[in-house]
Number of protein chains: 2
Amino acid sequence: MDDWDNYRLILALARSGTMRAAAIDLGLTHTTVSRRLAVLQDARGRLFEKTTDGYVATALGYALIEVAEKMESLSLAGARHQRALDQEIAGTITLSLPEAIAQYLLLEDLLEFTQLHPSIELRVETSYRFVDLDRSEADVVIRGAQEPPDHLVGQRLFPNFVTYYANKEYLETTPRSELRWIAPTPEARTPGWLENSPFPDAPIAIGIDDITARHRALVKGMGLSRGACFMADPEPSLVRLTSKPPEPQQDIWVLTHPDLRQTPRIRVLMDFIARAMRDKKSLVLGQLPAA
Amino acid sequence: MDDWDNYRLILALARSGTMRAAAIDLGLTHTTVSRRLAVLQDARGRLFEKTTDGYVATALGYALIEVAEKMESLSLAGARHQRALDQEIAGTITLSLPEAIAQYLLLEDLLEFTQLHPSIELRVETSYRFVDLDRSEADVVIRGAQEPPDHLVGQRLFPNFVTYYANKEYLETTPRSELRWIAPTPEARTPGWLENSPFPDAPIAIGIDDITARHRALVKGMGLSRGACFMADPEPSLVRLTSKPPEPQQDIWVLTHPDLRQTPRIRVLMDFIARAMRDKKSLVLGQLPAA
DNA sequence: CGTCATTGGTGCAAAATCGTTCCAAAGAAG
DNA sequence: CTTCTTTGGAACGATTTTGCACCAATGACG
């Protein structure tokens, strides 16, 4: 018995009496319980005897059940301890981050964070109204920037990569002369984006400020667009317009105020975000999985 | 964390500091430790932080390490308890069984039994001198018999099946007229065995009393022979002489004296033997694995 | 006494886990 | 500063584990 999980098996079988019931308790099937018990008893000797009404522990089995019961109370005490620890970092955090990242990159992760830390109330603020971060009410900020921002501390992750996309069907059914661009509003356009694109002669049909609205229009086949890899690559209806590698844009930063940095609650969130982002690094860099 | 074995992982990592060392402690590789820790921390939050000299537990990690330490002492106490229980059934058992079964069927199992119950000294007696079991010094007896034996109690398992065999090379290279039988001594022969055999006209070259000696001669290609399936089937150099199903011989019994039957030590051994035999039932019945 | 439900076991295919082999990064040693 | 060792992670193939669909055996119930 070099697998402590076997104690859980013993406990479930002792309590429920039958393999099928024990399997349900453990979230398994009766075959798995049967096989695991078989190897366990081969290694440690008979633990249960099959009687007319279920499995009954032998002397040895009973000894191990007692161990398992104590282990269970330990485990439950550990869970309580964990909740108590989480209480110590209870409070509210306001997180400000770009709408696109919130919706397309970190949505599930942020939900997971709230489940992992029930004592933390997380408020997500996706508007860009707070351009001046010092005056912002946010505690933690995710933003793209070239330089380390003043008065804020944190870590730089990696650049956000973009390239050119279109809806596959739109691209195949639209005559080349009819292709149109969906662009940001003029002041937000990257210099040279059109000239370096695969279709520099196509006209700009519309300028949309909101990045997710632009993405929706792109997915619906309303035109060509330059967009973030992490938004477009997972969308199966979209194809890249060029085989050239995506281009890096601004670096992504995870930031907070210097006087909040040592706050455990803040540290936990920033660490969590950094970890979640790194897990998606290849997606943000636009590295296609099997290409 | 619905797998208590993860506590072992935490403990090993906390003690050794690096994944590679922890992996060695656990008998695994560092990749496995790394992956398991990753999913664990995804589910329960950060438990360790990577510092310049190894992994250091966070507050949460430390709480779980304490749980794991207590679990470990529980597990060790359980192992001591098991040894103590085994002491209660300490003593000597003399087991009498046919030489063929001892050598070809239960050898590993009996060894395993002594490891499982170090407090029991098992003496194996394979001679057939004790034909009268009441006068035998054996505590437990395995024997073949048609009827439930007098003055002894226990359980009947299943019949021992036999059929006809030869060394494959011997069969292919020997002219049919040169084929010879290796038989038991005349008084031990089953009536009609020769007439019902595939080669009823082949002469009997030799009569050997000892069953294992007969088997060895058969394997060495010294002739045809009728023998137990559980001895011959696992031997790759032997082939069956007939496609007819093997014939049942005497039932196999596991027996003891009535006044010993309730002795825990005896019960443990008899239960173990019955279980081991049932695991090999298809082998004894001569049911070929992939035929 | 027959029917039906429940139990645990078997064979096979799918899935998760693991080990091997590689590699980049970071410290330690020279 | 360079070299070398040690660390942990990634990709891939192999093994193990697991679930599913059956089945025989046993007991419950009408």
Side-chain angles (χ1 to χ4, degrees), chain A residues 1-6 8-10 12-43 46-56 155 157-158 274-283 285 287-291, chain B residues 1-6 8-10 12-43 46-56 158 274-283 285 287-291:
Chain A
M1 171 117 77
D2 271 358
D3 185 343
W4 289 358
D5 207 45
N6 284 332
R8 271 179 65 231
L9 190 84
I10 294 171
L13 183 56
R15 283 176 175 161
S16 55
T18 74
M19 291 200 171
R20 285 187 125 98
I24 292 171
D25 280 358
L26 297 171
L28 300 169
T29 59
H30 69 101
T31 44
T32 299
V33 173
S34 170
R35 281 176 296 218
R36 280 215 231 167
L37 185 71
V39 308
L40 181 59
Q41 295 197 126
D42 274 357
R46 299 278 280 119
L47 304 179
F48 292 91
E49 288 189 358
K50 190 174 180 175
T51 71
T52 51
D53 46 12
Y55 284 79
V56 177
Q155 54 180 319
L157 296 175
F158 35 75
R275 178 167 278 258
M277 288 294 289
R278 268 190 261 272
D279 281 349
K280 302 187 201 295
K281 182 175 179 180
S282 63
L283 178 63
L285 300 199
Q287 295 165 346
L288 297 177
Chain B
M1 168 118 77
D2 270 358
D3 185 343
W4 289 358
D5 208 45
N6 285 332
R8 271 179 64 232
L9 189 84
I10 293 172
L13 183 57
R15 282 175 176 161
S16 54
T18 74
M19 292 201 171
R20 284 186 127 99
I24 293 171
D25 280 357
L26 297 171
L28 300 169
T29 59
H30 70 101
T31 46
T32 299
V33 174
S34 171
R35 281 176 296 215
R36 282 216 229 165
L37 185 71
V39 307
L40 182 58
Q41 295 197 125
D42 273 357
R46 299 278 280 116
L47 305 178
F48 291 91
E49 287 188 359
K50 191 174 181 176
T51 71
T52 52
D53 46 12
Y55 284 78
V56 176
F158 34 77
R275 177 167 279 257
M277 289 295 287
R278 268 189 260 273
D279 281 349
K280 302 185 199 296
K281 181 174 179 180
S282 63
L283 179 63
L285 299 200
Q287 295 165 345
L288 297 178

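Labels below follow one simple rule: chain letters A, B, ... track the order of the sequence lines, proteins then strands, and each chain is numbered from 1.
Side-chain atoms of Leu13(B) and Asp25(B), non-hydrogen and from C-beta on, never get closer than 4.5 Å to each other. Contact annotation: the side chain of Thr32(A) approaches that of Arg36(A) to within less than 4.5 Å [non-hydrogen atoms, C-beta and beyond]. Side-chain contact between Phe48(A) and Ile10(A) is present, with heavy atoms from C-beta onward closer than 4.5 Å.
In this structure, Thr52(A) and Thr29(A) both approach DNA chain D, and ranking their closest nucleotides by distance from the 5' end singles out Thr29(A). With the nearest nucleotide of DNA chain C identified for both Arg20(B) and Arg36(B), Arg36(B) has the one nearer the 5' end.
Put simply, CG on Asp3(A) is 16 Å from P on dT16(D), counting in whole angstrom units. Arg278(A) places its CZ atom 14 Å from the P atom of dA25(C), with the value rounded to the nearest Å. Rounded to whole angstrom, the span from the NE2 atom of His30(B) across to the C1' atom of dC22(C) amounts to 10 Å. In this structure, Leu28(B) places its CG atom 16 Å from C1' of dG8(D), rounding to the nearest Å. Rounding to whole angstrom units, CG of residue Leu40(B) and C1' of dT17(C) are separated by 16 Å. Regarding Glu49(A), its CD atom lies at a distance of 15 Å from the P atom of dG8(C), rounded to whole Å. Between Phe48(B) atom CZ and dG9(D) atom C1' there is a gap of 18 Å when expressed in whole angstrom units. The CG-P distance, from Asp5(A) to dT18(D), rounds to 9 Å in whole Å.
At a cut-off of 3.5 angstrom, the base of dG8(C) holds no donor-acceptor pair with the side chain of Arg35(A).
At the phosphate of dG19(C), OP1 or OP2 sits under 4.0 Å from a side-chain N or O atom of Thr32(B). Applying the 4.0 Å criterion to OP1 and OP2 of dG9(C), one finds that Ser34(A) has a side-chain N or O inside that range.
Nearest nucleotide to the side chain of Met19(A), out of dT20(C), dG9(C), dG27(C): dG9(C).
Using a 4.0 Å heavy-atom distance criterion, Thr18(A) is classed as a sugar-phosphate-only contact.
Remark: side-chain polar atoms of Ser16(A) are paired, donor with acceptor, to backbone N or O of Ala12(A) under 3.5 angstrom.
Considering every non-hydrogen atom in both Ala274(A) and Gln155(A), the closest pair reads CB-NE2, 3.3 Å.
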